[in-house]
Amino acid sequence: MRLKIVDRGSGLLQRAQYAVIRRFVGHVPGSVSATSYRRNFFGKYFARCIQEALRTPDEWTVGELEIVAAFVARLNRCRYCDTSHAAVAAKATGQGATVESVLANRRAAPISTRLQAVLDFLEKLTLTPEEVGPADVKAARDQGASDDALRQAIYVCFVSCTMGRIADALGFELPDARILKRYAWIATTFGYKKLSLPG
Amino acid sequence: MEKAIASLLGAPGETGTSLRQAVFDRVRLRAGEVPENLRALVEKIADRPWSVSDEDLTHLREAGYSEDYIYELVLAAAAGAGMRRFEAGLRAMEGAR
């Protein structure tokens with residue numbers, strides 16, 4: 001973490017919680033410290049966005065939403081978000097090989113044509129947002145994506161593009177395989193409601 | 001989302017609200033200007049965030065900017081990039097009605 005103030009936390013309560021997290025997780029995830037530091041400024045509200053985007057399984061399963069987040073992170077070349085969401089997606093779906101194949105070569109991945117079409121849409125939205133147009137929406141609809149499903153995917157794109165940039169700019173510490181498993185368990189068990197910790 | 005953006009752009013902070021708005025809009029709309037000494041970091045966060053380095057932040061610290069100032073700058077630029085995509089996606093949906 002490039003900013004010491006963020007790493008340290010905002011108050012005594014936050015620092016005490018960080019000590020517990022360090023003991024049980026191995027380190028304080030950058031996504032926790034970046035949304036907890038001065039949390040009333042942005043982090044508390046942004047953590048709610050993450051929860052809404054990734055834990056509203058009306059149109060997509062939690063596993064699919066996590067795959068979308070990992071896919072967008074891979075396009076953004078954000079290793080922290082890519083590996084973290086891929087681990088959560090693998091845990092949520094129980095199909096780590098499928099998640100890996102989506103990230104490596106999604107055309108060959110065993111996922112629905114609806115999800116394939118929405119990933120096509122999101123690829124353009126993430127890399128060249130000004131080029132996305134009505135024809136891209138229609139192409140996704142033709143493969144069965146409802147407007148609500150598209151809106152949810154766009155929301156995931158918003159949170160992943162925002163958090164990925166915070167992660168890369170602040171230099172979040174990358175979790176190793178052991179810590180990733182803990183991230184995956186925590187995020188599938190509790191979601192992101194407690195991502196931003198009170199200080 | 002509205003609360004997150006409203007607070008980010010309007011809450012008191014180390015940076016002025018007009019600077020935060022300028023950084024957010026520079027990344028979100030690719031329009032407007034930000035002060036020259038902050039431009040390099042803002043443009044990196046917008047277009048190639050993976051290339052931000054320790055030196056980029058050290059450089060700003062050495063120029064006299066506090067860590068809180070840099071933190072707010074990073075959040076405004078990052079949220080601008082997210083919002084740019086969110087709005088482009090919804091515009092495309094609106095056009096397909």
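Everything quoted here is computed from the prediction, not taken from an experiment. For the numbers below, each heavy atom of this structure counts, side chains included, while hydrogens, waters and symmetry mates do not. Residue numbering restarts at 1 for every chain, and letters A, B, ... go by the order of the sequence lines.
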Exercise for the section: Given salt bridge (Lys or Arg N to Asp or Glu O under 4.0 Å), test Glu67(B) with Arg2(A) step by step and report yes or no. Expected result: CA-CA 9 Å; Glu67(B) 291 209 343; Arg2(A) 294 186 176 118; over 6 Å; no

Problem - ILVMFWY cluster, Val62(A) and Tyr183(A) together (side-chain gap under 4.5 Å) - result: no

Handout entry: Shortest non-hydrogen contact between Leu125(A) and Ala88(B), atoms and distance
Key = CD1-CB, 3.8 Å

Exercise for the section: Count the heavy-atom pairs under 4.5 Å between each of Thr126(A), Asp136(A), Val6(A) and chain B, then report the option with the highest count. Expected result: Thr126(A)

Exercise for the section: Name the region of Leu90(B), side chain, backbone, both or neither, that has any atom closer than 4.5 Å to a heavy atom of chain A. Expected result: both

Exercise for the section: Would you mind telling me which of Leu170(A), Asp168(A), Val132(A) has the largest number of heavy-atom pairs within less than 4.5 Å of chain B? Expected result: Asp168(A)

Practice task
State plainly whether one hydrophobic cluster holds both Leu29(B) and Phe158(A), where clusters connect Ile, Leu, Val, Met, Phe, Trp and Tyr through side-chain heavy atoms under 4.5 angstrom apart.
Solution key: no

Handout entry: Electrostatic pair Arg84(B):Glu130(A) at N-O distance under 4.0 angstrom
Key = yes

Handout entry: Top contributor to chain A interface from Arg91(B), Glu72(B), Met83(B) [non-hydrogen pairs under 4.5 Å]
Key = Glu72(B)

Practice task
Could you check whether the rings of Tyr71(B) and Phe41(A) sit parallel, tilted or perpendicular, using 30° and 60° as the cut-offs?
Solution key: tilted

Practice task
Please answer: with hydrophobic residues joined when any side-chain heavy atoms are less than 4.5 Å apart, are Val159(A) and Tyr45(A) in the same cluster?
Solution key: no

Handout entry: Glu33(B) atom CD, over 12 foreign heavy atoms within 6.0 Å
Key = yes

Handout entry: Taking every non-hydrogen atom, the tightest pair across Pro49(B) and Asn76(A)
Key = CG-O, 4.5 Å

Handout entry: From Arg85(B) atom CZ to Cys161(A) atom SG, the distance as rounded to the nearest 0.5 Å
Key = 5.0 Å

Exercise for the section: Group every Ile, Leu, Val, Met, Phe, Trp and Tyr by side-chain heavy-atom contacts under 4.5 Å, then state whether Ile179(A) and Leu174(A) land in the same group. Expected result: yes

Problem - Interface moiety of Lys4(A) toward chain B, non-hydrogen atoms closer than 4.5 Å - result: both

Problem - Shortest non-hydrogen separation from Asn40(A) to Ser7(B) and the atoms involved - result: O-OG, 3.1 Å

Fill in the blank from the handout: Given Ala6(B), Gly95(B), Ser53(B), Ser66(B), the one with more heavy-atom pairs under 4.5 angstrom with chain A than any other is Ser53(B)

Practice task
Look at the side-chain heavy atoms of Ile, Leu, Val, Met, Phe, Trp and Tyr, link any pair under 4.5 Å apart, and say whether Phe172(A) and Leu75(A) land in one connected group.
Solution key: yes

Exercise for the section: For residues Ala78(B) and Ile166(A), report the shortest heavy-atom separation together with the two atoms involved. Expected result: CB-CG1, 3.6 Å

Exercise for the section: Give a yes or no on whether Arg79(A) atom CZ has more than 12 heavy-atom contacts from other residues, nucleotides or ligands under 6.0 Å away. Expected result: no

Completion exercise
In terms of heavy-atom pairs under 4.5 Å with chain A, the winner among Val74(B), Asp47(B), Asp54(B) is Asp54(B)

Handout entry: Heavy-atom proximity to chain A below 4.5 Å, by part of Arg61(B)
Key = side chain

Handout entry: Cys78(A) versus chain B, the contacting section by heavy-atom distance below 4.5 Å
Key = neither

Handout entry: Among Lys44(B), Glu87(B), Glu2(B), Arg20(B), residue most engaged with chain A (heavy-atom pairs, under 4.5 Å)
Key = Arg20(B)

Exercise for the section: Please state whether the side chain, the backbone, both or neither of Arg141(A) comes within less than 4.5 Å of a heavy atom of chain B. Expected result: side chain

Handout entry: Audit row: Leu8(B), Phe46(A), side-chain contact (heavy atoms from CB on, under 4.5 Å) steps and yes/no
Key = CA-CA 10 Å; Leu8(B) 173 68; Phe46(A) 185 58; over 6 Å; no

Practice task
With rounding to the nearest 0.5 Å, note down the distance linking OG1 in Thr35(A) to CG in Leu75(B).
Solution key: 10.0 Å

Exercise for the section: Take Asp68(B) and Arg38(A) through the test salt bridge (Lys or Arg N to Asp or Glu O under 4.0 Å) and record every step on the way to the result. Expected result: CA-CA 9 Å; Asp68(B) 276 304; Arg38(A) 287 173 54 200; 2.9 Å; yes

